Amino acid sequence: MRVCLFEDCGAVDLEPLSLTRPVFELLCGLTSLAAKQSRFFPPGPRGVLLRPQLADLYRLTATALPVNDLAWLRAGPVLLVNGRWLPPSIPLPLAELSGPCVALVDGEVAYAVVNPEHLADCSANTLDDCLTTWKVTLPHRAAGGRLFRYLWELVQYNGEQILADWQTAGPPFEAQPDGADRPGLAVIGPRDHLIIHPTARVEPMVVADTTRGPIFIDREAVVTAFTRLEGPCAIGPRTQVQGAKLRAGITLGPDCRIGGEVECSIVQGHSNKVHDGFLGHAYVGEWVNLGAGTQNSDLRNDYGEITMTVNGRRVSTGLTKVGCFLGDHTKTGLGTLLNTGTNAGVFCNLLPGGLLPKYVPSFASWWNEQLTDRAELASLLRTAADVMRRRHVVFTETHAALYRTLFEQSAAERRRAIRDAELRTLRRSA
């Protein structure tokens with residue numbers, strides 16, 4: 001069975017992380033959503049159907065996959081899988097995919113089995129219309145699992161999913177035999193729940209608490225002395241954890257630098273939070289740098305439900321603990337205080353000066369209680385190239401083209417947000 005991962009209109013509600021990557025590349029547990037979706041279905045050729053503005057950049061990393069290739073898509077029966085879907089743990093037998101159907105979660109399409117005649121008018125731009133038609137014309141079945149609508153849901157289920165991934169597929173790497181028996185390493189709880197790659201370095205005077213879940217330390221990762229790790233927790237390849245307190249429910253992607261206190265959060269990769277400061281119930285993108293003493297609030301003083309701005313509208317999370325969501329290449333200055341339920345886009349510059357607003361549009365700057373437009377795009381791209389080069393990643397013209405597109409698309413929203421911030425200032429002064 002050929003499998004094609006797709007993005008539907010719900011991708012915009014997973015911003016700012018979905019601004020620069022397909023939604024199926026978001027992390028939850030030990031792997032991306034794409035890895036779980038591929039594991040759920042029988043082996044076979046894979047392809048993707050995603051937003052056109054992301055296609056060229058995704059081709060750089062997924063060179064073997066057909067990307068928005070309509071000829072491949074229509075070449076025969078295909079299983080289309082919603083990139084926002086977290087499938088059940090038990091893989092689906094091929095026999096259950098014998099004919100055209102749609103599988104639903106709460107009325108939304110999690111996956112669809114269709115034939116070439118169903119795909120005659122299907123493309124990345126028309127897919128949502130096709131999904132609506134298939135829901136009316138094709139047989140239904142229950143998909144199970146859940147469809148993520150907002151980023152805080154991935155954070156909320158992250159710890160649970162680390163445990164589920166481990167129980168379903170085992171460790172994401174081949175662990176060192178008796179890896180927990182390292183000099184000076186203290187393990188609280190089952191020692192076999194601490195899984196360490198043979199190339200990882202764990203210094204003496206590290207405490208690993210596996211009483212509530214497993215801890216994974218991937219290849220070439222470094223955990224320095226005076227670090228405390230609490231499972232469930234996953235530390236990605238080449239990531240350095242430096243004298244930190246990592247609470248339960250954490251997934252750290254590759255090549256991060258992490259210090260201070262972190263709780264129930266996801267860091268996509270290549271980001272720095274090496275200094276003291278608190279990060280909780282948050283999802284941080286790539287190439288983000290959190291300055292020394294950056295703190296985020298994840299709980300209101302009155303313990304009330306937290307609301308967030310998502311895709312231009314206020315959304316109730318239904319949760320009392322929600323931290324911050326930071327897009328790629330966003331940076332904070334020394335001593336920055338992030339409000340409960342903060343949503344900051346890509347290439348934001350967040351500097352101290354009171355508690356920051358809960359919503360900062362992409363390519364905007366906050367300093368001394370003022371929101372301004374970061375109009376110097378050429379300078380931002382040069383800095384991005386320098387940052388990526390430091391981690392041996394090439395900044396290409398394809399990266400630059402996507403960022404220019406996002407800059408243009410977000411211009412009107414920046415003007416609106418800046419105007420609203422100025423009006424609030426005037427009202428306070430009056």
Side-chain angles (χ1 to χ4, degrees), residues 27 30 158-159 162 172-173 176 179-180 182-188 194-210 213-296 298 323-324 326 329-336 338 350 386-393:
L27 299 177
L30 295 179
N158 191 59
I162 291 174
F173 51 81
Q176 176 180 346
R182 298 200 176 196
L185 170 61
V187 181
I188 304 170
L194 175 59
I195 297 96
I196 304 176
H197 193 277
T199 63
R201 176 162 62 91
V202 181
E203 295 183 352
M205 291 183 275
V206 169
V207 175
D209 184 350
T210 63
I215 297 172
F216 300 88
I217 305 175
D218 212 330
R219 64 184 184 276
E220 299 179 43
V222 176
V223 183
T224 68
F226 310 113
T227 292
R228 177 181 172 86
L229 308 174
E230 296 178 5
C233 171
I235 299 171
R238 300 174 301 281
T239 284
Q240 298 179 16
V241 180
Q242 303 178 3
K245 292 182 285 188
L246 300 191
R247 310 299 187 194
I250 292 172
T251 294
L252 305 177
D255 295 291
C256 296
R257 305 290 184 269
I258 303 296
E261 182 180 3
V262 185
E263 177 183 6
C264 192
S265 295
I266 303 172
V267 182
Q268 189 76 19
H270 304 285
S271 290
N272 288 341
K273 186 220 166 297
V274 73
H275 301 289
D276 285 343
F278 175 69
L279 181 71
H281 294 85
Y283 199 138
V284 175
E286 293 185 302
W287 315 110
V288 174
N289 189 79
L290 302 182
T294 295
Q295 314 268 1
N296 89 263
D298 63 0
C324 62
L326 307 179
H329 293 282
T330 282
K331 296 174 174 57
T332 70
L334 184 74
T336 300
L338 300 173
L350 309 177
D386 290 341
V387 168
M388 294 171 67
R389 191 179 303 114
R390 286 160 58 96
R391 300 288 172 86
H392 309 292
V393 177

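All values derive from a computational prediction rather than experimental measurement.
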[atom2] on [Y] to [atom1] on [X], rounded to 0.5 Å:
X: T294; Y: L350; atom1: OG1; atom2: CG; value: 8.5 Å
X: I188; Y: E230; atom1: CD1; atom2: CD; value: 8.5 Å
X: L194; Y: L185; atom1: CG; atom2: CG; value: 6.0 Å
X: T330; Y: N289; atom1: OG1; atom2: CG; value: 11.0 Å
X: H329; Y: H270; atom1: NE2; atom2: NE2; value: 10.0 Å
X: R238; Y: R219; atom1: CZ; atom2: CZ; value: 5.5 Å

> What orientation do F216 and F173 show, parallel under 30°, tilted 30 to 60°, or perpendicular over 60°?
Replying inline: perpendicular

>> For a side chain to side chain contact (heavy atoms under 4.5 Å, CB included) check, start with the C-alpha distance between L27 and Q268, then their side-chain angles and the critical distance, and finish with the verdict.
In response: CA-CA 7 Å; L27 299 177; Q268 189 76 19; 3.8 Å; yes

Side chain to side chain, [X] and [Y], heavy atoms closer than 4.5 Å:
X: N296; Y: L290; result: no
X: R182; Y: I196; result: yes
X: V262; Y: K273; result: yes
X: C264; Y: H281; result: yes
X: L246; Y: I215; result: no

Can you give me the closest heavy-atom contact between [X] and [Y], atom names plus distance?
X: H197; Y: T199; result: ND1-OG1, 2.8 Å
X: A248; Y: G231; result: CB-O, 3.5 Å
X: C324; Y: L279; result: SG-CD1, 3.8 Å
X: S271; Y: G285; result: OG-O, 2.7 Å
X: L30; Y: P172; result: CD1-CD, 3.9 Å
X: T239; Y: D255; result: OG1-N, 3.2 Å

> Looking at I250, V223, D218, which hits side-chain contact (heavy atoms from CB on, under 4.5 Å) with I235?
Replying inline: V223

>> Run the side chain to side chain contact (heavy atoms under 4.5 Å, CB included) test on V241 and L252 for me, step by step, so that the C-alpha distance in whole Å, both residues' side-chain angles and the decisive distance to 0.1 Å come before the verdict.
In response: CA-CA 10 Å; V241 180; L252 305 177; 4.2 Å; yes

> Is the number of heavy atoms from other residues, nucleotides or ligands within 6.0 Å of CZ (R201) greater than 12?
Replying inline: no

> After noting the C-alpha distance and the side-chain angles of D209 and R228, does the key distance pass the side chain to side chain contact (heavy atoms under 4.5 Å, CB included) rule?
Replying inline: CA-CA 8 Å; D209 184 350; R228 177 181 172 86; 3.0 Å; yes

> So F278 and E263, side chain to side chain contact (heavy atoms under 4.5 Å, CB included) or not? Walk me through it.
Replying inline: CA-CA 8 Å; F278 175 69; E263 177 183 6; 3.8 Å; yes

